[in-house]
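See structure below.
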Amino acid sequence: SGPRHLMSIADLTPAEFSSIVRNAAVRKQAVKAGQTPPSLSTSLSGQTIAMMFSKRSTRTRVSTEAAVTMLGGHPMFLGKDDIQLGVNESLYDTSVVISSMTSCMVARVGPHSDVANLAKHSSVPVINALSEDFHPLQTIADFLTIHEAFPSSKPSGPGLGLNGLKVAWVGDSNNVLFDLAIGCVKMGVDIAVASPAGYGIPDKMRQLIISSAEGVSSPGKLSETMVPEEAIKGADVLVTDTWISMGQESEQQKRLNSFAGYQITNDLAKRGGAKEGWKFMHCLPRHPEEVADEVFYSPRSLVFPEAENRLWAAVAALEGFVVNKGSLLQ
Ligand code: CP
Ligand code: NVA
């Protein structure tokens, strides 16, 4: 059988997902305490990690390059004008060639089928660095952030001890939401989604999110509404993302109109009845229309630790999929 790939959080069992998040936390604590295990910095020595990005990136690029450096490998960044990714050469040919010379391909693409096709023909692990459908590295970082903000009363049990927490997503139903929702269902965290008409979760994706509950003893529940206040009721964490994802630039005006009233503000959180100590998260890059400064730059906001956690998520994902070849329960 071929290498194991990370396309979506849907590829992971709950135990595997919590193991990656816990490893990210362990690495973060050790490195910050000046106690980096000596073996960490040689895990990828002599190995090249190809980073094939057909879209812009700040966090995913910097965190992946920094993580590869920390593990002693070489990150090779290949932007959309550097290689022939799906433009002048088939994905099959590209995948076979690049995987013959590297230890992993980390790819940021448009249609999800692009990264899935790279994976299908690759002889090395492929990690999805964002597609139109999923953003698994973001979800690992997001759960590390939630894990830090809501320390578990049962730190050593299965999962992350987050059962009973409620996340409210107010905004566009997009790639970041889909993997977050899958993670929530698997971790026993309820997730309520508020999106305007026409911007809800597509049927196939809803099926995938709901089917993530299979085999989970107390899965989180997904609920959907068009009323932001309804989703926010009793929520511990309010989350959003841009209303205009990469590739949707031509829909900007239409989307700004459709999402009117969805901006996360203190007033909206109050009207909706969020929990008193509610926190705010956003994967970034952020635009002012989806969240007001009073929330984004407030003590409730976890956005900068969340961004930093991308580094530790990348370390854990590379260790799990490349160093340990997909044996995630270490
Ligand atoms: N959150 C995130 O993936 O950011 P970038 O697009 O800057 O990588
Ligand atoms: N939904 C956004 C996320 C960027 C990190 C996009 O796809 O552009």
Side-chain angles (χ1 to χ4, degrees), residues 6-9 24 49 51-68 75 77-80 105-115 127-146 167 169-183 191 193-196 199-202 205 209 237 239-252 254-256 258-259 262 264 280-291 296 301-318:
L6 178 59
M7 295 290 107
S8 159
I9 299 301
I49 308 301
M51 299 171 58
M52 301 140 75
F53 279 43
S54 67
K55 291 175 173 178
R56 285 185 307 270
S57 171
T58 297
R59 280 141 291 269
T60 308
R61 177 177 180 175
V62 174
S63 61
T64 304
E65 291 204 23
V68 173
F77 187 80
L78 302 164
K80 72 174 181 355
M105 295 190 278
V106 179
R108 169 167 287 203
V109 301
H112 184 72
S113 56
D114 283 4
V115 69
I127 296 177
N128 178 7
L130 180 141
S131 68
E132 279 166 13
D133 290 355
F134 302 109
H135 199 2
L137 294 170
Q138 184 67 50
T139 301
I140 296 167
D142 288 353
F143 271 86
L144 174 56
T145 310
I146 295 171
V167 167
W169 176 280
V170 177
D172 191 20
S173 298
N174 65 16
N175 44 9
V176 172
L177 167 65
F178 302 148
D179 260 335
L180 178 67
I182 292 166
I191 176 153
V193 178
S195 300
Y199 297 93
I201 303 174
M205 195 57 76
I209 296 167
V237 189
V239 193
T240 193
D241 183 14
T242 182
W243 297 338
I244 302 139
S245 284
M246 290 181 275
Q248 298 172 336
E249 291 78 5
S250 66
E251 300 171 30
Q252 177 168 348
K254 186 174 143 231
R255 284 177 168 266
L256 289 176
S258 301
F259 285 87
Y262 278 73
I264 296 185
F280 176 74
M281 291 174 57
H282 189 311
C283 63
L284 313 181
R286 170 253 182 173
H287 304 92
E289 59 263 17
E290 68 263 11
V291 54
F296 188 82
S301 177
L302 303 176
V303 298
F304 296 118
E306 179 184 4
E308 183 198 327
N309 283 341
R310 293 295 309 273
L311 172 62
W312 308 107
V315 168
L318 288 164

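Source: prediction; values computed, not measured. Order of listing sets the numbers, starting from 1, for every ligand and every atom in it.
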* Among C283, S245, S57, whose heavy atom sits nearest atom 2 (C) of ligand 2? -> S245

* Asked: Any donor and acceptor pair, going by atom type alone, linking the side chain of T240 with main-chain N or O of V170 inside 3.5 Å?
  -> yes

* **Salt-bridge present (E65, R61; N to O < 4.0 Å)** => yes

* Tell me: protein heavy atom nearest atom 3 (O) of ligand 1, and distance? -> H135 NE2, 2.8 Å

* Asked: Are any side-chain N or O atoms of D179 and backbone N or O atoms of H135, one a donor and one an acceptor, separated by less than 3.5 Å?
  -> yes

* Asked: Can you check side chain to side chain contact (heavy atoms under 4.5 Å, CB included) on Q248 and D172, steps first, answer last?
  -> CA-CA 12 Å; Q248 298 172 336; D172 191 20; 4.1 Å; yes

* Would you call R310 and Q138 a side-chain contact if the rule is heavy atoms closer than 4.5 Å? -> yes

* To do: Working to the nearest 0.5 Å, report the span between CG of L180 and CG of N174.
  => 10.0 Å

* Would you say L130 and ligand 2 have an N/O pair spaced under 3.5 Å apart? -> no

* Where is the nearest protein heavy atom to atom 7 (O) of ligand 1: which residue, which atom, and how far? -> T58 N, 2.6 Å

* To do: For the residue pair H112 and M7, establish whether any side-chain heavy-atom pair is separated by less than 4.5 Å.
  => yes

* **Shortest protein heavy-atom distance from atom 2 (C) of ligand 1, along with the residue and atom involved** => R310 NH1, 3.3 Å

* Structure fact -> So the atoms of ligand 2 within less than 4.0 Å of a heavy atom of L284 turn out to be 5 (C)

* To do: Check the angle between the aromatic planes of F259 and Y199 and answer parallel, tilted or perpendicular using the 30° and 60° thresholds.
  => tilted

* To do: Check whether any side-chain heavy atom of S63 sits under 4.5 Å from a side-chain heavy atom of W312, and report yes or no.
  => no

* Can you list the atoms of ligand 1 that are under 4.0 Å from a heavy atom of C283? -> 1 (N)

* Structure fact -> Closest heavy-atom pair, D133 versus F178, reported as atoms and distance to 0.1 Å, is O-CD1, 3.2 Å

* Asked: Which bit of D172 gets closer than 4.0 Å to ligand 2, counting heavy atoms only: side chain, backbone, both or neither?
  -> neither

* Kindly confirm or rule out an N or O of N175 lying under 3.5 angstrom from an N or O of ligand 2. => yes

* Shortest protein heavy-atom distance from atom 4 (O) of ligand 1, along with the residue and atom involved -> R59 NE, 2.9 Å

* L284 contact mode with ligand 1 (heavy-atom cut-off under 4.0 Å) -> backbone

* Atoms in ligand 2 with a heavy atom of N174 nearer than 4.0 Å -> 1 (N)

* **Taking atom 6 (O) of ligand 1 as the reference point, the nearest protein heavy atom with its distance** => R108 NH1, 2.9 Å

* Provide the number and element of each atom of ligand 2 under 4.0 Å from a heavy atom of D241. => 1 (N), 2 (C), 3 (C)

* Quick one: which ligand 2 atoms are inside 4.0 Å of a heavy atom on M246? -> 6 (C), 8 (O)

